[in-house]
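Heads up: the structure comes next, in C-alpha cells.
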Amino acid sequence: MAETNGTSGAPTLVEENAFPALESVAPEKPVEDVVASTGDDNETPEAPKELSAAEKLKQQHLAAEEPADAEAKTEESQASGEATAVSEKSARKQKAAAARVLDVSSVEAFPSLGAPTKVAPVTMNWGAKMAAPPVNGSNGTPEASARAPTASFAGNAGQQTVELTPAQKRPASELRKPVIEIVKDITKRTGTKIDLAKTSTGVSVFVVKGNEASRQRARREIYKELSLKASKTIQIPAVVRPHIIGKGGSRVQELEKETLTHIRVPQQSSSEVQAPVGDYDDEIMIDVVIEGDEFGVASAIERIREIVGERTIVTTTRISDIPGELYPFIQGPNRKNLAEFETKVERVSVPDYFYSASSQPFSPPSGPIVITGEKSAVQEVRAAIEKKAEELKAQGYGHILVPIAAAKHRFFTANNGRLIHEILEETGCTLIFPSGKKADSAIVYGPADQIGNCYTKTNAISQAYQYFGPDVCKAYPNAPGGAKLQARDVTRYFLQKGEFKKLEREFDVEITPPSAEDLYNLAAPCIVGIMSRSKENLEKARSKIQAIYLQAPPFKVARLDVEPLHHRHIIKKDKLLGGRPVKILFPEDLEESELVLVYDGESTDPEEVRTVLEEAKQVILAFSGEQVSIVSKTINIPKENHIKIRGERDTTLNALNPSSVLVQFGIPKARPGKPAPAGDENTITVRGPQSNVEATIKNINAFLSSENPEAIITEPFEYPAQFSGNLIGVKGANINKLRDDLGVEINLNEGKGEIKGVRVAVDAARKKLTTQIKELEDKATVRLVVPQQFHSTIIGQKGESVRRLEARYDVRINFPRSSKSDYTEEHDAGNKQQGPNEVIIKGGKKGVEEARAEITALLKYEEAKSHTAEIPIAAKAVEFMFRNSAKEIKQLREESAARIDIPQRPEEGSEEQMVIKIRGTVEEVKQAKAILSKIAKDAEQTTVRKINVDKKYHRSLIGQGGKILREIVVGAGGPDDRTALARMVRFPNQDSEGDEITVQGNSAIVDKIIKAIEKIVTEKENQISIDVEVAPEKHRKLIGREGSIRKELEAQFKVTIDIPNRNRPGQTVSSDIKITGAEADVEKAKEHILELIKDPEGETIMVPRYLHHSISDIIRELYKRYRVNVNHNNEPRPPRPEDKKPQSNSDSLPLITDEVDSAPKYNWDAQENIHGTDDGEYPWVLSGTPENIAKAKADVESAIQVAKKQTWIGYLDLPDPRKYRFVVGPGGSQIEKIRRETGCRINVPNKQQGSTAPPEGPIVIHGSKDDIEKAKGIILELIHNGGGGGGKGDDSDGDRRRRN
C-alpha cells in the first residue's frame, strides 16, 4: 500500500505542485484508464510541465513493470463501468499530458542499500535501550516489523492522495458494496470530496479534499473498507498490560477507535501470578493480537510500542524470602532507610509488620518487598536490601514478652506505628503483637543487649495509658428483649451518627466500639473501650458515654419487620418519614427483615416519643404495603448444573435474571424468625415479585433445555452510527458494564459491531443495547436562553425546584458553571460550549418539551416581576424602621406580591449606607416603594431622647385611659394610633425602679413631646391640694353617671378630684373631697363645685298618675338638656296601667320558612286603650336654675298633652322578628324619627340577653288612632325597603312586600 498526496498516473486530478518533495511535474504520456469523481470538482487541470530527472527515472521503472494481475484487472473494469467517464476532450488532454506511473515504493525499482531480504526473530530486552518487539503476521511467520503505509504529504490545495496497489486491495467478493458506492458513503460520513482514478498498473488513486480532520478520517475509512484485512501478533512485557488496557478498558477502546482495529489483550495467567521469586516484571512476555486493515494494524502496533517504550523504562521487582520480623529494621526508624533507597529508585514498599497472626512467634509478612524504578537502580537497591537482611540474620536477634493488654495494642500501632518507631529509634528493638493466648502481651524483638531497655521503655509507655471498658448493657437492666439488644441498637445508632468520633476529638481519647461479632452476639457483653494518657480525660469520656446511653432509653427505640427486598425502596425514598426526627437502622444481613427506629429528637416525654415512633412505623409499613408482593419459589435442578446456570462470576445468571430477583443455590437459607423452606443441595430458591420470579424460573428451564447452552457464539449487531459514543459510554463504561454483568465481548464501530458470548448473554446484551437505542432515539436536547439573573429562581433553594422539574418530566437540566449554586456543583453543570445565559434540557422528547414549556412560563412570569427599585437608607435608621413601623412592614409584605429585601439590622453605631431592594411588577414595585420610602424617611428622621421624671407623675402624664398622653403626642404632631403612640412614648414598668421615659420619633415631634412633659411635670410640682366639704348625699352630683361629671370637671379646670368611695361596707363616708392642681385652677374648681352642690330652687308640677309612666322617659332628657333634676318628694311610684291585650287571631303568621304567598305577611291589632282619669296626680319636683326649670317645665307639660291623646294601642306582629332591626336603626335613630313624626310611643321587643334567638313579641304602638296607623305604615315600609327609608304604607302592597 502506498500513500502520496498526488497521482502521477492521473494528472487531471492532481494540482501542479502536488508532489513538492519530489519536485514532480506532469508525465509526458496519458494514463489509459477511466476517472471517476464523487464530488463536484469541475476544476480544469493546468498544462503539464517538463518532467524532472527523478520523474523521468520513475517513468522508466514503471515501463518495465509487469502488468497487473487478473484480479486487479477485474476490479479495474468494474470500477470503470461504475464511474463517470470523462469527456473526450479531457481524455485527449490526458493522453497528451500523462505518462506511466513510477512506483517509488517498489523494492525492485528502488532496492534497499544492503538491506537483507529477511530478518530472523530475536528476543528483545525492553527498557530504555529496547529494540522493537517481534511481530508475527497472520500466517504465523515472523516479520521484521510492521510499518504503516507511506506517510502522506499535504498538497497546497487542502487535498490528500491515497493509493492502493492491487496487492493491497481487498478482493471484490469481500466488499460490502461496489467501490464507487463505498466511496460515496465515505464522502457523506466525512464531509469530504473524493475523486477516484485508476492507473494502468491497477493502482487505485483517491484524491481527498477537505479540512485536515475530515481528510484524515476519510483516509482511515478508505483503508478500513477497501484494503486487505490483516492480523498481527506482538509480544509485550506483562507488566505493561494494565497500561494498554487502561481503567475499565478505556485505553484499549481508545486505541481501537483511533486505529479502527480490534485488539485482544490476554487476561493474567496463573504462570504470571506464580512467577519465580526475584523475577523482574518486564521479563514475562504476553502476546497481543491486533486485527483490522493493514494500515490500522500497523498504526495500532506503533501506538502500543510507544506505550511499552514509556512504561518499560521503569521496572518492578519483588523480594519475598525475607522474614517479616526483619521488615521494621529494613524500614529503619521512622522509615529512614526507605527514604534513602527512594533517592535512587521511584518507590520502595516494605509492609508494616506490627502483628503476628500464627501460634509461632512470627508469622509470614502481609506481602513482599516491592521495588520500582530504572532497572539498574532497582537491581542495586535490591542487592542492598538483601545484604541488609543477611546482616540482620547473622546478628541472631532475640525476643521476650512484655505484658500489654490487647486493648492497648492499637495505641502503639496508631499513626503508622509512631510509638513503635520511637522505640526502635531509641532502643534498636521493635514491637510485634501476637494473637491467641499471648494476645495480652507484646514481643520485644531486637539485639540481645537492647531487649532490656526496650522492655522498660515499652512497659513505661503502656503504664502511661489508662484504659476503661464499660459494659453499656448495664444502662438497660429492664429493656424489653434484653439489655444487649437495646445496647446493640443504640451502639449502631451512635456509630451511624459518628458519636464516638466526636467524643474522641472532644476528650482526646481513643474509643473502641465492640466488634461486629461481639455486637451481634446477644450473649456477649457490649464493651466500649476507652483509652487515654490522661486519667481526667478518661473519666470525662466515661461519664459522657454513660450519659449518652442513658439518654437513649428503651422507649426511644422501636423495631418492626419489613420484607428485606423492600428495604432498598425505603432507602431510596427521600423524606419518607415527613421530617419526623427518626433514624432508620437497616440490617447488615440482606435477608434480615428487622428495621430499628431510633428517636432522634429533643423530646424526653415517653408518650410523645412513642407517638412519633408509632407514626414512623405506620408510614414505613404503609409504604412497604404499596410495594409489589414478594413470593418465594423453589425448583429442583441437579447440583452439577448450578455452575452452568451461574456462569463465570454469575454472568449467565444475570442474563437469565434481568429483573434481579434473589436467587439462592443449594439448601434454602432460613429467614430470621421463620423455619427454613424444604430443600436440599439440588434446590434453587427464587424470591421476588411473582411475575419476575416466574420469568426467571422459565428462563432457567429454557436455558438448560436448549442445545449446547454454554457454546460461545458471535453475532453481528448493527445500530445507528451516531449513537456509538452513547452505547460505548464514557471511557467504555457502558460496554464494560455489560461485559462484567453478562460476560460478553462487545465491539462497536460506527454502526456495525458484534457480540460474543453464550447465547443467553448475547441475547440479553442485544436487548439492553436495543432498549438504550430506543431511548436515545427518543432523546431530545433543547437550549433555552435564560438570563443569568433568573437562574437561581429556576434552580430554587439548594436545587429543589430544578430537581422537581427533572423528576416530574424525567429530564436532565444543565445550567452554565457561572450559575453559582449547590445544584450546579453537584451536577457538574455546564460545559465549554454552553453560554452563560443558556440552559440545556436533555431527555425524552415529550418530557423535554413539557419542561421547556414550564421553564418558559416561569421565565415570562419572572420577567414580568423583574422590575426593581432601591431605596437607600442609613444603617442606623434600619432599626428604627422596625421599631416605628413593624406593623406596616408586616402588612405590606402580606398584601403586596412584591419581593421586599430589607437589610439585616446592623451593629449598633454603624454608619454604613444600606439599600432596601424591591422586586416585582411595575405596579407592585411602585406601591411598595411609596410606602417604604415614607417609612424609611421617617426612620432616618427618628431620634431617641430620654427624660427622667419622678414615677409619682407618670400616672398624671398618662391620664385616664391614656387620654393625657394622647393629647400630648397628638398635640405635638404625632400619631393618634394607640399602638404607634405606645411605641413613641415608653414608660418604665410599674415594678421597675427606673423613672426614665423614652421618647422616639421624628426629632421635631420628640422635642415638642419632651417640652410638653416637662411643662406638665413643672405644673405638677407646683400643684396644691385642698379639701372641700361636701355632704355625702351630694357626692353623686359631682360624680355623675359612670363618673361623667367628675371627668368633665377635671378636664374643664385641669385639676384632679378625689371623691371618697361610698361603697365600702361598715365605713363612714367622709364629707371631704380633695382637689389637686395649680392654685388658680383649684380655686376655680372649688367655686364651681360649691355652686353645683347648692340646693337649687325647685318647682313642682302635678302629673296625672296614669300618665307618669307614659312620659317618664323625659326625665333623662331634662338633665341632659338643662341640667335639671327631677324627684318626687319621696312619694312611691304609681303602678303602671295595664294596656289592653291583643285580640287572638285564628290565622297564625307564617313561618319564615313557609312559602311567601301561603299566608298574610303580618298581624295588626288596633283598639282603644283609655285608662281611668280619676286616679289623682303625682308630683314632679324640678330642681335647677330658674331659667332651666322654666324650659324643663314647658317640655313636661307638652309631654303630658301628647300622652293624653294616646288613647289607642296597636300591636304589629311580623313573621320575621329579625327585621325589627330595620325599625330601630343604628343607635335607635330610626325609631326616634318615627316617634317624632307620629307623636306615638313605640316599643320594639329586644333580644334576650346572652341569647342568639331573634326577639319575641309584637311591636307595641301608643297614640291616637290616626297616629298609630301612620306609624304602622312607616314601619312596614321600612321592613319592605330593608331599612332604607320610611313612609306611609298600606295593605295593598302586601304581595310585593312578601316577595321581598
Side-chain angles (χ1 to χ4, degrees), residues 324-325 327-329 331-336 352-357 361-362 397-472 494 498-515 518 525-549:
E325 62 268 24
Y327 277 16
F329 303 98
Q331 288 181 339
N334 298 311
R335 299 175 179 81
K336 291 179 181 177
D352 290 326
Y353 191 83
F354 298 148
Y355 294 96
S356 178
F362 307 113
Y397 282 1
H399 68 275
I400 61 171
L401 292 177
V402 55
I404 299 177
K408 293 185 178 182
H409 290 181
R410 62 176 296 188
F411 294 94
F412 284 87
T413 60
N415 299 318
N416 295 317
R418 179 179 56 83
L419 288 178
I420 294 176
H421 280 279
E422 287 181 7
I423 293 170
L424 177 62
E425 185 172 30
E426 185 174 334
T427 68
C429 297
T430 189
L431 292 184
I432 302 169
F433 296 102
S435 59
K437 296 179 181 179
K438 300 177 181 179
D440 286 325
S441 62
I443 301 173
V444 175
Y445 180 74
D449 59 343
Q450 291 295 327
I451 287 180
N453 292 338
C454 184
Y455 184 101
T456 304
K457 175 74 174 178
T458 302
N459 194 52
I461 293 175
S462 176
Q463 294 298 322
Y465 278 100
Q466 304 292 323
Y467 175 79
F468 182 72
D471 181 2
V472 294
F494 289 153
E499 200 69 35
F500 296 131
K501 295 294 183 183
K502 294 178 185 176
L503 296 179
E504 286 180 334
R505 292 191 296 269
E506 182 178 354
F507 299 111
D508 190 22
V509 297
E510 294 282 346
I511 297 177
T512 308
S515 65
D518 290 340
C526 192
I527 304 296
V528 178
I530 316 167
M531 186 173 289
S532 175
R533 285 179 179 267
S534 167
K535 187 174 182 180
E536 181 183 357
N537 288 351
L538 183 74
E539 181 59 29
K540 288 180 180 178
R542 183 201 64 78
S543 299
K544 184 67 174 179
I545 287 175
Q546 182 180 14
I548 64 174
Y549 272 91

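Counting from 1, the numbers follow the sequence of the chain as shown. Bear in mind that the values here come from a model prediction, so they are computed numbers and not experimental data. The figures here come from the full heavy-atom set of this structure, side chains too, leaving out hydrogens, waters and symmetry mates.
H409 places a side-chain N or O within donor-acceptor distance of the main-chain N or O of S441, the cut-off being under 3.5 Å. Judged by distance alone, the side chain of H421 and the main-chain N or O of N334 form a donor-acceptor pair under 3.5 Å. K408 places a side-chain N or O within donor-acceptor distance of the main-chain N or O of S462, the cut-off being under 3.5 Å. Panel note: side chain E510, backbone M531; no donor-acceptor pair is recorded below 3.5 Å.
Side-chain contact annotation: Q331 with D352, donor-acceptor N/O pair under 3.5 Å present.
Across all non-hydrogen atoms, the minimal contact from D508 to S532 is O-OG, 3.5 Å. Pairing each heavy atom of K336 with each of E425, the nearest pair is NZ-OE2, 3.0 Å. Between P434 and A442, the shortest heavy-atom contact is CD-CA, 4.0 Å. Nearest heavy atoms, V444 versus C454: CG1-SG, 3.3 Å. Here the closest heavy-atom approach between residue A406 and residue D440 is recorded as N-OD1, 2.9 Å. For Y455 against P403, the heavy-atom pair with the smallest separation is OH-CD, 3.6 Å.
F412 meets the ring pair (Phe, Tyr, Trp, His ring centres under 6.0 Å) test with F433; sequence neighbours excluded.
Relative orientation of the F362 and Y353 rings is tilted, given thresholds of 30° and 60° on the angle between their planes.
L538 contributes atom CG, which lies 10.0 Å from atom OH of Y467 (distance to the nearest 0.5 angstrom). Rounding to the nearest 0.5 angstrom, the gap separating the CD atom in E506 from the NZ atom in K544 is 6.0 Å. Here the CD atom belonging to Q463 is positioned 9.5 Å from the CD1 atom belonging to I404, to the nearest 0.5 angstrom. For the atom pair OG (S356) and OH (Y445), the distance works out to 11.5 Å, reported to the nearest 0.5 Å. From T456, atom OG1 reaches atom CD1 of I461 across 11.0 Å, with rounding to the nearest 0.5 Å. Here CZ of R418 is found 10.5 Å from CD1 of I423. Values are rounded to the nearest 0.5 Å.
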Item to check | Test log, rule side-chain contact (heavy atoms from CB on, under 4.5 Å), inputs N416 and R335 | outcome: CA-CA 10 Å; N416 295 317; R335 299 175 179 81; 3.9 Å; yes
Checklist entry - Does the side-chain contact (heavy atoms from CB on, under 4.5 Å) test come out yes or no for V528 and T512, once each step is laid out? => result CA-CA 6 Å; V528 178; T512 308; over 6 Å; no
Checklist entry - Do I527 and D518 pass the side-chain contact (heavy atoms from CB on, under 4.5 Å) test, and can you show the C-alpha distance, the side-chain angles, and the key distance before you say yes or no? => result CA-CA 9 Å; I527 304 296; D518 290 340; over 6 Å; no
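Taking the side chain as every heavy atom from C-beta outward, Y465 and L419 approach each other to under 4.5 Å. Between I530 and P470, the closest side-chain pair of non-hydrogen atoms falls below 4.5 Å. Here the side chains of I548 and L503 are in contact, with some heavy-atom distance below 4.5 Å. A 4.5 Å side-chain heavy-atom check between L424 and C429 finds every atom pair outside the cut-off.
A salt bridge does not link E422 to K457: none of the charged side-chain nitrogens sits closer than 4.0 Å to a carboxylate oxygen. Salt bridge status for K535 with E539: absent, with no side-chain N to carboxylate O gap under 4.0 Å.
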